[in-house]
Participant: 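One structure is given below, represented as structure tokens, and several questions about it will come after.
Every chain is numbered from 1 and lettered A, B, ... according to where its sequence line falls, protein lines coming before strand lines.
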2 protein chains.
Amino acid sequence: MSTSIIGKLEALHPLPDKDKKLLHAVVGRGRTLKSGEDIVSEGDHTDIVHVIIEGHGYRYKTLADGKRQIIGYLVPGDFCDLYGFLLDKMDHGMAARTQCQIAELTEEHILMLTSRPALARALWWSELVNAAILREWLVNMGRRSPSARVAHILCELLVRLQVVGQATADGFKLELSQAELGDTVGLTTVSVNRALQRLRGSKLIVQAGREITIPDVAALKRFAAFDPSYLHFRQDREDRP
Amino acid sequence: MSTSIIGKLEALHPLPDKDKKLLHAVVGRGRTLKSGEDIVSEGDHTDIVHVIIEGHGYRYKTLADGKRQIIGYLVPGDFCDLYGFLLDKMDHGMAARTQCQIAELTEEHILMLTSRPALARALWWSELVNAAILREWLVNMGRRSPSARVAHILCELLVRLQVVGQATADGFKLELSQAELGDTVGLTTVSVNRALQRLRGSKLIVQAGREITIPDVAALKRFAAFDPSYLHFRQDREDRP
DNA sequence: CGGCGCGTTGAGGCTTCTCAATAGGTGTGG
DNA sequence: CCACACCTATTGAGAAGCCTCAACGCGCCG
């Protein structure tokens, strides 16, 4: 199931069939990681590039006092450490949040992929989007209310998961605990819980356990001041003249 | 004075003399921007790559309600939008904080530079560092106390400005108002002011207007939990076996 | 001299955090 | 099958801290 990878890259840049086949061949089946395992640990050096085929993970940093900050989500199709072999040690860790299928590509694989112009461009784009997401998260933490922060993350997940076929038009399964949401948006578990309650109270979301339904997507986006253009998906670009 | 550019890139990756000469020739003198002007505005498309030769700036995003979040500092040697011509619109703006000398490189210039392996690698590195800084800022906002946030920013500026010869071993000129510091770390002006007072009170910094002196750099770094490895400078790498 | 940007200070309100306890769900071992 | 440990979600109460509002001083500039 490397279709999510192709889907994700094609959301950024169109790919010839040949490139899709190459991608499919190179990625293969992948290795299975258990939930909670590190894909790459903080401070590790890695020669290989990890790609999420199936499952969810996150990037994180740990502080001396044990606090943790989540600095990115990994969803199917994400290249975790495209640049990893350039660095001698990773400045952050990556962990599997659910059971994951992970492809491990060598530098030769990457060179093979990046020798194709369309693929190289798509991968380059995906790195630009990663940086854009970091910038948007910074805005989220710095300048939005707790409820809006949580709402913004939910909006982003909705869109990102839709691209890889893991969300419907109005909902998805949230693969995160409230503690992990808090480590993402800079709040405590208690505050995240109350923020979610407020969102439920104002009917912006409906929750059944980890299943999130968004009755009025436009309303939630408005509340969160969510503007998907930072994700730089092609459809956003083509919507405009 | 494109020495800062060379200094900055060489801090990441060694460059042959030939490449330095090329860089020098391509960058030239640059255009002068007045303090407060936008280098590139939010939503703009730009075909050219802007490089800071002299002066200080920042990246920012503005929210609908007028709040602003600063999402990066631009110091001499920084390539503002290396990837800009790929995007059809910038997802954030860049502004000059002081009077600036800005070089404007065309796509041909960039292709000329990136055809040199060492230069290409250095530029690639600089983008990796930009992303690493964003991740560290996320940790800063999410999980550190107000004083530690401000202290961390000061530590980062000390190190980054040292690389381009704009800081001494224990101090530099802070080209930011307290309001701008607040827009960086997610605090109000009042809170930034009080955070700085606490830092002064505990003798971690000495201020004479915008001139910052750090009597005990190690102490400030300890207080801020500042680990410069995320900046990926060569000296850090070579310090270790 | 007046306006303006910036740093500083004070007081009060509000929100988040901390601490603590409870309940539901899951998985394990007896 | 039950007891138990553990994780997660939820709730309450109090303390602490940040934000809002407001005022003032200072230096700079026209």
Participant: For the pair made of CD in A:Q178 and C1' in D:dT10, what is the distance, rounded to whole Å?
Facilitator: 8 Å
Participant: Tell me: CG of A:L199 to C1' of D:dT10, nearest whole Å?
Facilitator: 16 Å
Participant: What about B:R194, does its side chain sit under 3.5 Å from the base of C:dG7 through a donor-acceptor pair?
Facilitator: no
Participant: For C:dC6, does either OP1 or OP2 sit under 4.0 Å from a side-chain N or O belonging to B:R210?
Facilitator: no
Participant: Given the side-chain rings of A:W137 and A:Y73, with only the six-membered ring counted for Trp, is the space between their centroids under 6.0 Å?
Facilitator: yes
Participant: Please determine whether a side-chain nitrogen or oxygen atom of A:Q197 lies at a distance below 4.0 Å from atom OP1 or OP2 of D:dT10.
Facilitator: no
Participant: What does A:L196 touch in the nucleic acid at a heavy-atom separation under 4.0 angstrom: a base, only the sugar-phosphate, or nothing?
Facilitator: nothing
Participant: Would you tell me if any nitrogen or oxygen in the side chain of A:S191 comes within less than 4.0 Å of OP1 or OP2 on C:dT16?
Facilitator: no
Participant: I need the minimum non-hydrogen distance between A:R143 and B:L187, along with the two atoms involved.
Facilitator: NH2-O, 3.2 Å
Participant: Between B:L176 (CG) and C:dG5 (P), how many Å, whole number?
Facilitator: 18 Å
Participant: To check you understand the geometry: which heavy-atom pair defines the closest contact between A:V217 and A:A169, and what is its length?
Facilitator: CG2-O, 3.7 Å
Participant: By the 4.0 Å heavy-atom rule, please label B:G36 as base, sugar-phosphate, or nothing.
Facilitator: nothing
Participant: Rounding to an integer number of Å, can you tell me how far B:I205 CD1 sits from C:dG7 C1'?
Facilitator: 14 Å
Participant: Do A:R97 and A:E180 sit within salt-bridge range, that is, some charged N less than 4.0 Å from a carboxylate O?
Facilitator: yes
Participant: Quick one: is C:dT8 close enough that its OP1 or OP2 comes under 4.0 Å of any side-chain N or O from B:N193?
Facilitator: yes
Participant: What is the distance from CG of B:L181 to P of D:dC18, rounded to the nearest Å?
Facilitator: 16 Å
Participant: What is the separation between atom CD on B:E211 and atom P on C:dG7, rounded to the nearest whole Å?
Facilitator: 14 Å
Participant: Just the rounded figure in Å: distance from P of C:dT18 to CG of A:L187.
Facilitator: 11 Å
Participant: Check whether any side-chain N or O of B:T188 sits under 4.0 Å from OP1 or OP2 of D:dC19, and answer yes or no.
Facilitator: yes
Participant: To the side chain of B:V190, which of D:dA22, C:dG7, C:dC17 is closest?
Facilitator: D:dA22
Participant: Give one of base, sugar-phosphate or nothing for B:R200, where a contact means two heavy atoms less than 4.0 Å apart.
Facilitator: sugar-phosphate
Participant: Without decimals, in angstroms, what is the distance between A:K67 NZ and C:dC17 P?
Facilitator: 11 Å
Participant: Does any donor atom in the side chain of A:D44 or A:T46 lie under 3.5 Å from an acceptor atom in the other side chain?
Facilitator: no
